[in-house]
A.B. asks: 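Sharing a structure here in structure tokens format.
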Amino acid sequence: MDRFLKKRAQEGLVGKGQEHEPPGGDRGSPRKRPRLGDPTGPSWRHIAAEGLDCDYTVLFGKAEADEILRELEEEVEYFTGALAKVHVFGKWHSVPRKQATYGDAGLTYTFSGLTLSPKPWVPVLERVRDRVSEVTGQTFNFVLVNRYKDGRDHIGEHRDDERELAPGSPIASVSFGACRDFILRHRDCRGKNRGRRVEVVRLQLAHGSLLLLNHPTNTHWYHSVPIRKKILAPRVNLTFRTVLPTKKQVF
Ligand SMILES: O=C(O)CCC(=O)C(=O)O
């Protein structure tokens with residue numbers, strides 16, 4: 001995906017300042033949302049702000065989340081070599097976390113300027129994907145796995161707004177392991193040209209949780225998982241996406 005290029009190019013430029021952000025809870029407009037579908041299903045919290053629409057729930061209890069984390073640690077194969085590096089201002093740096101992609105056969109996406117196919121689904125990823133589909137009614141054909149070995153690993157501010165995603169489709173972010181801060185910042189409040197004040201939205205993504213980033217959140221808001229040096233435990237995050245099928249080229 002093009003985004004990977006953009007996101008990776010931003011790394012090293014972000015994260016540091018965010019360390020100084022005070023910790024806190026949600027600053028959106030949390031409200032209970034009726035359970036989707038099955039009345040015995042999870043209870044949802046809706047987070048809303050200008051152009052921001054997210055839903056949060058704890059989808060897996062501790063025992064199941066522990067088991068899934070163990071399987072993820074055994075089964076996921078992460079990028080190595082050039083795919084685990086980022087080129088910023090003429091220098092190569094290691095990506096400050098590990099990444100892998102899995103998905104349906106036949107899909108392709110752009111990563112570091114290369115056209116790649118995701119690895120075929122493995123059972124633990126199918127299990128989480130199917131549970132997310134069950135509670136949301138959405139289907140997903142691709143997942144990006146990010147592994148943070150501890151609180152020094154992080155992801156800089158970016159939007160998941162790449163052209164390869166199906167327009168208007170939600171992104172389902174499922175987290176296992178250490179609870180980490182997830183910061184959302186409105187696009188008008190970034191950089192030198194920030195035009196106005198829109199309050200930052202700070203979430204904490206717990207072990208076994210699901211955060212749905214609904215349209216148009218990724219149009220208006222950037223998100224990040226900043227450095228938190230006191231966190232020593234690993235975290236694995238899965239973002240399930242709907243990628244458009246690759247157009248066949250006709251010569
Ligand atoms: O680890 C997370 O919670 C965020 C991952 C993320 O931002 C992404 O996959 O685009």
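When a ligand or atom number is given, it counts from 1 through the structure's own listing order.
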A.B. asks: Nearest heavy-atom pair of S224 and G156: which atoms, and what distance?
C.D. replies: CB-C, 3.8 Å

A.B. asks: Would you check if the distance from the ring center of F182 to the ring center of H223 is below 6.0 Å?
C.D. replies: yes

A.B. asks: Once ring-ring contact (aromatic ring centres under 6.0 Å, His included) is applied, do any residues pair with H186, and if so which ones, sequence neighbours excluded?
C.D. replies: W221

A.B. asks: To which of R235, R241, H223 does the heavy atom nearest atom 3 (O) of ligand 1 belong?
C.D. replies: R235

A.B. asks: Using a 4.0 Å cut-off to any heavy atom of Y148, which atoms of ligand 1 qualify?
C.D. replies: 1 (O), 2 (C), 4 (C), 5 (C)

A.B. asks: Pull out every atom of ligand 1 sitting under 4.0 Å from any heavy atom of I155, numbered as shown with elements.
C.D. replies: 6 (C), 7 (O)

A.B. asks: Would you mind running through ligand 1 and noting each atom that sits below 4.0 Å from a heavy atom of N237?
C.D. replies: 1 (O), 2 (C), 3 (O), 4 (C), 5 (C)

A.B. asks: Please check this pair: side chain of H46 against backbone of W44, looking for a donor-acceptor N/O pair closer than 3.5 Å.
C.D. replies: no

A.B. asks: Quick one: which ligand 1 atoms are inside 4.0 Å of a heavy atom on L144?
C.D. replies: 9 (O)

A.B. asks: Going by the order shown, which atoms of ligand 1 are within less than 4.0 Å of some heavy atom of T239?
C.D. replies: 9 (O)

A.B. asks: What about L125 and Y78, same hydrophobic cluster or not, with Ile/Leu/Val/Met/Phe/Trp/Tyr joined at side-chain heavy-atom distances under 4.5 Å?
C.D. replies: yes

A.B. asks: If the condition is ring-ring contact (aromatic ring centres under 6.0 Å, His included), which residues does F176 pass it with, not counting sequence neighbours?
C.D. replies: F60

A.B. asks: Considering only heavy atoms of N146, which atoms of ligand 1 have at least one such atom less than 4.0 Å away?
C.D. replies: 5 (C), 8 (C), 9 (O)

A.B. asks: Using the benzene-type ring in the case of Trp, are the ring centres of Y109 and F142 under 6.0 Å apart?
C.D. replies: yes

A.B. asks: Which atoms of ligand 1 sit under 4.0 Å from any heavy atom of D160?
C.D. replies: 10 (O)

A.B. asks: Considering only heavy atoms of V225, which atoms of ligand 1 have at least one such atom less than 4.0 Å away?
C.D. replies: 1 (O), 2 (C), 3 (O), 4 (C)

A.B. asks: Check if H158 has a non-hydrogen atom at a distance under 4.0 Å from any atom of ligand 1.
C.D. replies: yes

